[in-house]
Protein chains: 2
Amino acid sequence: MASRQVTLAEVAKHAGVSLATASRVLNGSTRQVSEELRERVVGTARELGYLPNASAQALARNSSVLVGLVVHDIADPYFSSIAAGVTRIAEDAGLVVVLGTTGRDPRREVELVNTLRAHRARAVVIAGSRTTDRYSSQRLAEEITAFTAQGGRVACVSQAKLGVDTVVPANRSGARALARQLAALGHRKFAVLGGPPDLLVARDRVAGFKAGLADAGLDLPEANIVRSGFTRDGGYAAVSDLVAAKTGATCVFVVNDVMAMGAMAALREHGLRVPEDVSVAGFDDIPTLRDLVPALSTVRLPLEDMGERAAGLVLDDVVAGPRTVRVAGEVVLRASTSSPSGTGLR
Amino acid sequence: MASRQVTLAEVAKHAGVSLATASRVLNGSTRQVSEELRERVVGTARELGYLPNASAQALARNSSVLVGLVVHDIADPYFSSIAAGVTRIAEDAGLVVVLGTTGRDPRREVELVNTLRAHRARAVVIAGSRTTDRYSSQRLAEEITAFTAQGGRVACVSQAKLGVDTVVPANRSGARALARQLAALGHRKFAVLGGPPDLLVARDRVAGFKAGLADAGLDLPEANIVRSGFTRDGGYAAVSDLVAAKTGATCVFVVNDVMAMGAMAALREHGLRVPEDVSVAGFDDIPTLRDLVPALSTVRLPLEDMGERAAGLVLDDVVAGPRTVRVAGEVVLRASTSSPSGTGLR
DNA sequence: AGCGTGTTGGAAAGCGCTTTCCACATCACT
DNA sequence: AGTGATGTGGAAAGCGCTTTCCAACACGCT
């Protein structure tokens, strides 16, 4: 069934040249080949429908054309935006993107890098926050070391924790600036939907927000921070706890947009109006946000751009040590936040 | 810099066995190896940190562990939902997903399948509608033939035009059912944002919608169909034309949700309220829809499921000819559609 | 003529693995 | 003891390509 594939050897034979010459013609070898032979080879290759065997090339060259991309969940707009950036750059460079999804399982992350290593992938971009879990971080670090030792390049989008090139969004300062602007709106009591306690992005954003409130002479009691999953459903679910906590908050900061969307849905179902009863702000500015009503205030991150930057880091030929690209966050106040009017969450 | 990798030969030597034995132990060979040797090999492999070279395996076995996934734009929720389904199934099966994006360029589609063929990918899932463009369809068909001739499997998500296994959503009947329900709501004058004229999904949906209106004794004048790109911005841009056309329509059907989201934003900017001034319905039920206000009426397609089905088609070992999996669409009426109240678009 | 230099083609040695053979033991059964 | 069947290990031949090395030749010089 599987028809025999045309090989370089056949092309060479048909063209009456050696294997070496055929190889030199059909790939960007440095060696020159006379115009006459070159044409003959190219001609027969086209005629026979020759297609190089990528596995054989990868083996012979000890390097492939593969670039790994590791995300938690490709259906999440945050990751799919980053993925769009990464694929654009990689494909423009003639490379092939391998997509791996972890489902937020750190072990799976290690597994994926391992697989990529087995494939002699040229590089890998790991998107998705690190956690405080020492064990899996350790395993991942080892796997990454092995990968780089083998000549592969690695970049992360998140915290600069792994000793590799990293694109770091301004989680702290972005959240801090947001807090200040919300305080300037007149809010005095805040609540935070803070995501999982062990997730570094979430921690950074909460810490930054707290710092921003402190700048305004405000405090964020620990009791006003509700923990939940970093997903839409996490945000949705957290609202029950939030309401039960009777914090009296007039403004809620949610550590990412996807969670914020879930939270807004839940608030609606609780009969609370945004922003009349409570203001809501998120973080990331995922593309889908612009069609939300009320439009969600947030801290804008250039997600697709961040993907491009990460891919760029990993594909250039700079040999310097771990580089860090800092990406600023821009506070965007929209309809979901207003000056406090009601009594807040009580 | 690139440290030498541990090879099977080294493992074999350290374990004091032949290359053949080592290979048999470390891969699912049918051949038996005595418990003693097996343990010795596994032990040294672990000790030395052996990782098989996937390229070499692919070459020797003449088959790889790669599965291609070709989409137009991974940042589009329609595609990222399908992608999530495909990756889930593929990764569960221990395969590796290669993501290719076309940017809606048919030539790029051909290019990607070609690359996948060069990599001896085991299968490829092509998501994204066919067009009426004969030339590029022809080229793609040839490429697919070459791919299958080589033992690869191909499945599409869209129209069953390519002679391969296909997951076909009920575009026609879904749109038809939607039209009937909208007519039952009392609407008499409709407009359609129809997407690109050469795109088959778009054509099918428009045709289905027209048929549904006909069922209700209503006509859809050609002048009430506005053409534009199949993207959010396409939907956004089309609204100007729509308004200028002064169709008097009280209800607008938009051929996909992403376009509908753009259209709703544009309608808002035109000072038109949904659904008071005009009802709007879309198609697909992308996940982000559930947080839209007003919630968009649509025809629900189980997108992630469709991705899983497509991956399933391509990974099972049925040898039967081209199969077609039909997926039903379920009309979901939400807040964006109501009985007509105003004068419509005039 | 003799020599170095540069250019171009080909033979062949890998790259790291799988898999076919073949050899040898062992075992059950005449 | 002799026969086949069965189980297990190893040698070696690929898989399709890249790249080193060498040979051949054409130059431009002295």
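Mapping B:A20 and A:T7 onto DNA chain D by nearest heavy atom places B:A20 at the nucleotide closer to the 5' end. Each of B:A56 and B:S34 has a nearest nucleotide on DNA chain D; the 5'-most of these lies closest to B:S34.
Below the 3.5 angstrom threshold, one finds a donor paired with an acceptor across the side chain of B:R24 and the base of D:dG10.
Dashed line: the shortest gap from a side-chain N or O of A:N27 to OP1 or OP2 of D:dT18 is under 4.0 Å. For the pair B:Q57 and C:dG16, the criterion of a side-chain N or O lying under 4.0 Å from OP1 or OP2 is not met. Taking 4.0 angstrom as the limit, A:Q32 places a side-chain polar atom (N or O) nearer than this to OP1 or OP2 of C:dT8. A sub-4.0 Å separation between OP1 or OP2 of C:dG16 and a side-chain N or O of B:Q5 is absent.
Between the CD atom of B:E10 and the P atom of C:dG16 there is a distance of 8 Å, given to the nearest Å. Protein atom CG of A:L59 is 12 Å distant from nucleotide atom P of D:dG16, rounded to whole Å. Rounded to whole Å, atom P of C:dG16 lies 7 Å from atom CG of B:N53.
Heavy-atom distances under 4.0 Å link DNA chain C to A:L37 of residues 36-49 of chain A, given in residue order.
Not one N or O on the side chain of A:R108 forms a donor-acceptor pair closer than 3.5 Å with the backbone of A:H72. Proximity of a side-chain donor or acceptor of B:T166 to a complementary backbone N or O of B:V168 within less than 3.5 Å is not detected.
No donor-acceptor contact under 3.5 angstrom links the side chains of A:S136 and A:E109, judged on distance only. Between the side chains of A:Q57 and A:N27, at least one donor N or O lies within less than 3.5 Å of an accepting N or O.
Counting non-hydrogen atoms of other residues, nucleotides and ligands closer than 6.0 Å to CZ of A:R323 gives a total above 12.
In this structure, the nucleotide among D:dG10, C:dG9, C:dC17 sitting nearest to the side chain of B:V17 is D:dG10.
Expressed to the nearest 0.5 Å, how far SG of B:C156 lies from CD1 of B:I126 amounts to 4.5 Å.
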